[in-house]
Every structure is written in structure tokens, then in C-alpha cells.
Amino acid sequence: MKKFTAASYEEFCQKFTLEVPENFNFAFDVLDVMADETPDKLCIRHVSDDFTVRDQTFREVADASSRVAAALAAKGVKKGDRVMLVLYRRLEWWHVLLGLHKLGAIAIPAPAQLTVKDLVFRCNKAKTKAVVVDYTVTERVEAARAECPDLELCVQVGPAPMPKGWTDYGTMLSEARAYFPRPADDDKLACGKDPMLIFFSSGTTGMPKMVVHTHEYPMGHLFTGMFWHDLEETDLHLTVADTGWGKAVWGKSYGQWMAGAAVFVYDYRGKFNPSALLKVMCEHGVTTFCAPPTIYRFLVREDLTQYDLSNLRHCTTAGELLNESVFHAWKKVTGLTIYEGFGQTETALQLATLPCMEAKPGSIGKPVPGWDVRVLNEQGEVCASGDEGEICVRLGTNVPCSLFVEYLDEPELTEKAMHDGWYHTGDKAWVDEEGYFWFLGRVDDLIKTSGYRVGPFEVESALVSHDAVVEAAVTGVPDPVRGQVVKATVVLRPGLAPSDSLTRELQEHVKTVTAPYKYPRVVEYVAELPKTISGKIKRSEIRSRDAGRDGNAERRATVAGFVAQA
């Protein structure tokens, strides 16, 4: 597809069509084709934690993926085998991922923060046959290995010594040719509706589930790269995401390359440093940028006038709700609008604000063409404008190619999510009269207080707009009179200490920013919020912790800080 422009959302929807080629395999049908047609074009610019720069062309990436496919095939890995990748943002992650696509093995991206217990759980749940890991993860995998009976091949990337029975990545590749043509045998070619990826969900509401996507899945990200990220062939795009999660393939490969752009990777390790990120963005002339709202919140706290962001022309965000104060602060300094979007591990982009649309701060936009997205009430009826309900995707004959197939080996969970002709996302929203969607939170996150329904994000957004607050999580706690009251768990700016006067100030601030009935009657100060390893706030953990306290605990000092109630 060639990129086009549109004057309005309606015109865009009329123009956009997506046709998935028969027997599609991204690595053969996109990467290798681009390597043949534009062999010297920049594919990836990689900046390591020590700021070392490595550029690779489409030819180099395609050859590296073929070598990986050939090397793993020689080790006995075949179509349908499941291979876990734990590689941070190393260049090898792209080589191995694409090599697995060619080989037909199913890739399982995983974050490097996994514990031994996590690794045992995931390897066994997915019946993982092989792992390819960064050398800093080897010790944990080795500790888990004895409890993983399906694990046959362990490959280490990096210079450290290896345990007995492991395979060195460099040696393995040196013994293979950079040649792996598209298999002519249907039994060996993986394509179309064959499984390609297994993502583990982030586990915000329970144990992680295995989300299965097919080889058609990358085509759904053509929209992500070409139109939401607004990419041209001359662009250098940066999506800030760990390679262990679905957001990495949203912004670090498929859609960006189908748009002809190059992918920029900053492989920072350890704690996120906003000034270092801004430095590399400036030095390398990043032109388009996507990051979760948390990253933007840190960036706007820097003195952005000290950084030359003149090459930056388009910004997007997804993963959680963007606070309106951050939206305006970013635009004030950079002049750039942040375009929001919504999707899940189970999907590609479902809802988005596009360049041809007015961006309403706090809105996640309108349905992406090809996605029939509605807000349904508990009776399964489409909600009227302004009424709250669950975000659902219509199933049927035109199911989007990037909608997941199933929760692997958990048919009851699949059936719970997909029934009565709809995929139920578990996320709540409402739609305004212009068709814009407004996200409220997970179904379980909504707070019912004195007859009102309060979504956490609006209160969190109000709190973080106060200079004293770095992060906030809003939940409900039981109350004998109101049913529930709104509680805020707050991380303060360094140097500030909790106090009753600060609590009252924050409560009054929320009352002035949003409807007064939404203000937090309970405020707890903590050093950090509980989060999944993907960085999402675990409100369920806060609720569980609160449920374990006795009735007077809300008024007592806690290990984390202290709680004030009004």
C-alpha cells in the first residue's frame, strides 16, 4: 500500500483498505523483498547503553535472520517449536525474531526482568523447546532449567562463560550460511494463519495468559507505522518499549519497515534516564516518537529547552491514559501534538487519533478502519453517547487479521473474552457525540461511590498535574456509608515529605481540576507504585493489600508511608 493523505477521518476511512496477501510471511515477503530492492537502505540504528552506534541495512538484517534460521534448524528447531527470546534491546533480538519467522518456529518474546520462578512458569506453560538469552540472564535460566522438562536447547548471546550444555550464539552462527530461502514444502513453510507469536499478557488482573498471533498479524501494523506514526521513507522512528512485550512489535519492526522507515533503538539498561533519552534523540535526529504516558511525564519534568528536538515532527502514545497536563506541557515546549491510541496485547491498534483529526487530550480517538469497535452495556447493547460500557470488537466474517486467535490452552478464558459475536476487551469507556472514545479503565478498576462511577485515570491525571506528584494510582476502598471511597496512592517528587497539609492541598487540587465528588478521601504516600514487569500499575495489588488491613489501618502509619483520610 502507498501512503495517502486525507482531510478528515471520514475521508480516511473511505480510502483505507487492507488486503492480506495469501500465505503471508513477513520475513520473506517484506524484509527479504526490501533487502533485494533497497539493500543499502538503513534498517536499524542501534545505540547501546554506552552510546556506541551500530547501523544495519536491510540486506544485513535479512542475511542475519537467514543465518539464524539456518543455525537453529541445524540444532533441530523446526516449524511449530516454541522459542523464548530474552535479549533486552540487543540487535540480536531482531535477527532471532525474524529468523524464527523464516524457520516457522513460534517466537515467545520475554522481558529480561523475569525471575527464576517466572521463567519456570513461562517455559512450562508454553512448553518451550529452546531459549535464546542475553548472557546476564543465563544464570537464572540455568537455575530454572531443571524444572523445565521441555527445554532442550539453551543459547547464550554474549561473552561470559556458559554452563555445561549451553550453546554459544556466535559459534552457532559461524557454522551456518546466511542463506535460508522460502521453503517450497508446505509442511515446512509457516505462513498465513499458522501461529507466529506467543505473548504473555502483562498480568495486571491475574496470572499471565498466552496470547497467540498468526503470520497475518504483522499486516495489521501497516496502519500503525504508516498512518498513526505517520511514517515516510526518510523517517527515523523511536518507540520506547521493552522487547519482551507486544508494544515492541507495534513500534520496532513490522509497520515501520512496511512504511519504508528506519527503526531507532536505544538499548539502555537499568533505571530509565530521561535526560539520556533526550540526548540520543537529539544527537541522532529522531523524527517520529512513540512512548507510554509515563515516559512523557518524566520528559516534561526536564528542561526541554536545553535539547534540540527540531528534527522531531510527530509524536504518539499508548499503553495507558495520557494526562492532559502532560499533553499541554509537551506541546508548549515542542509545538507537537501527542496523538493517542488504544490497543492490547491481544490486538493491534484498535482506536487512534490520526493527523487528519483534532486531538482531544485524554481521548483515545476513533476506531481504526477495519475494526468495528463499540461500547456495549451489560445487556450487550450498544451504548448511547455519554453512557459508560465495555470496549468490544465485533467478530464475524471480517475479523481483523491482527486480532489474537486464542488464549493458548485456556479455552474457558478464550470463551469468556469472545462470545455472542464480540471480543470483550475488559476495558471501560464512553463515546462522545463526535465519536471519540474516552477510556475509563479496566472493568475491575471502576469505583462506585455514593451512586457515582469514578474511573481512576481522571483522578490520577488531576493528581499528577500537581507539582508535588510524580505518579499516582487511584483505587476504591470499602466504606459503610458510600459503598466505596476514592483512594489515591501517591509517589511524591524527591525532597518532599508527606503531611496532613499536603494531603488537604492535593484533595483541594483534585476538586478544582475535576468533579469534586471524585476527590480522594484517602491518600497514601509510597516510595513507588506496584507495577508489572511491563511497567503497568497493579491496582489489583493495591486493592488486595488494602483488603488485608483491618478497619483502622487506613488511619495508621504504614511501612510505605502514611495514610490520611478525610
In Å, rounded to the nearest 0.5 Å, how long is the span from CE of Met258 to CE of Met219? 5.5 Å
Is there a side-chain contact between Lys416 and His424, using heavy atoms and a 4.5 Å cut-off? no
Measure the shortest side-chain to side-chain distance between Trp371 and Ser402 over non-hydrogen atoms and say whether it is less than 4.5 angstrom. yes
Hey, does the Lys NZ or Arg CZ of Arg67 hover above the aromatic six-ring of Phe180, less than 6.0 Å from the centre and inside 45° of the axis? no
Test side-chain contact (heavy atoms from CB on, under 4.5 Å) applied to Asp194 and Thr214, step by step: CA-CA 5 Å; Asp194 291 326; Thr214 73; over 6 Å; no
Let me see the working for Arg54 and Ile44 under side-chain contact (heavy atoms from CB on, under 4.5 Å), right down to the final yes or no. CA-CA 8 Å; Arg54 291 176 63 190; Ile44 301 175; over 6 Å; no
Answer yes when Arg313 and Asp230 have at least one side-chain N-carboxylate O distance shorter than 4.0 Å, and no when they do not. yes
Do Thr337 and Lys331 meet the criterion of a side-chain donor-acceptor pair at a distance under 3.5 Å? yes
Are His237 and Thr239 linked by a side-chain donor-acceptor pair shorter than 3.5 Å? yes
Quick check with a 6.0 Å cut-off and a 45 degree axis cone: is Arg122 positioned over the face of Phe200's six-membered ring? yes
Assess, by modelled atom type and distance only, whether the side chains of Thr347 and Gln350 contain a donor and an acceptor separated by less than 3.5 Å. yes
Have a look at Met210 and tell me which of Ile108, Ile198, Leu413 forms a side-chain contact (heavy atoms from CB on, under 4.5 Å) with it. Ile198
Distance-only side-chain donor-acceptor flag, Thr57 / Lys41, under 3.5 Å: no
With no hydrogens and no angle check, just 3.5 Å: does a side-chain donor-acceptor pair link Lys360 and Thr353? no
Could you grab the distance from atom CG of Leu97 to atom OG of Ser253, nearest 0.5 Å is fine? 6.5 Å
Check this for me: does any side-chain nitrogen of one of Lys3 and Glu232 sit under 4.0 Å from a carboxylate oxygen of the other? yes
How about His229 and Gln256: does a side-chain donor come under 3.5 Å of a side-chain acceptor? yes
Nearest 0.5 Å, what's the CG-CZ distance between Leu376 and Arg394? 8.5 Å
Side-chain donor-acceptor pair under 3.5 Å between Tyr217 and His221, yes or no? yes
Salt bridge or not for Glu460 and Arg539, using N-O below 4.0 Å? yes
Taking Arg82 for its side chain and Ala126 for its backbone only, find out whether a donor-acceptor pair lies under 3.5 Å. yes
Between Glu434 and Lys366, is the closest basic N to carboxylate O distance under 4.0 Å? no
Do Asp235 and Thr287 get their side chains close enough for a donor-acceptor pair, meaning under 3.5 Å? yes
Any carboxylate oxygen within less than 4.0 angstrom of a Lys/Arg side-chain nitrogen, looking at Asp55 and Arg45? yes
Would you please say whether a donor-acceptor pair under 3.5 Å links the side chains of Trp438 and Asp432? yes
Cation-pi check, Lys279 to Phe51: give yes when NZ or CZ is under 6.0 Å from the six-membered ring centre and within 45° of the ring axis, no otherwise. yes
Between the side chains of Tyr436 and Glu358, does any donor sit under 3.5 Å from an acceptor? no
Looking only at side chains, do Gln56 and His95 share a donor and an acceptor under 3.5 Å apart? yes
If we ignore angles and hydrogens, is there a donor and acceptor under 3.5 Å between the side chains of Gln344 and Asp427? yes
Between Ser275 and Asn273: side-chain donor-acceptor atoms closer than 3.5 Å: yes
Check whether any side-chain N or O of Trp94 sits under 3.5 Å from a backbone N or O of Lys252 as a donor-acceptor pair, and report yes or no. yes
What I want to find out is whether Asp134 reaches Arg90 closely enough, with some N-O distance under 4.0 Å, to be called a salt bridge. yes
How about Arg182 and Asn25: does a side-chain donor come under 3.5 Å of a side-chain acceptor? no
Would you call Thr316 and Phe289 a side-chain contact if the rule is heavy atoms closer than 4.5 Å? no
Could you check if a side-chain atom of Ile391 sits within less than 4.5 angstrom of a side-chain atom of Phe439, using non-hydrogen atoms only? yes
Before you tell me yes or no, could you show the steps for Asp36 and Arg59 under salt bridge (Lys or Arg N to Asp or Glu O under 4.0 Å), namely the whole-Å CA-CA distance, both residues' side-chain angles and the distance that decides it to 0.1 Å? CA-CA 7 Å; Asp36 290 338; Arg59 179 78 275 156; 3.0 Å; yes
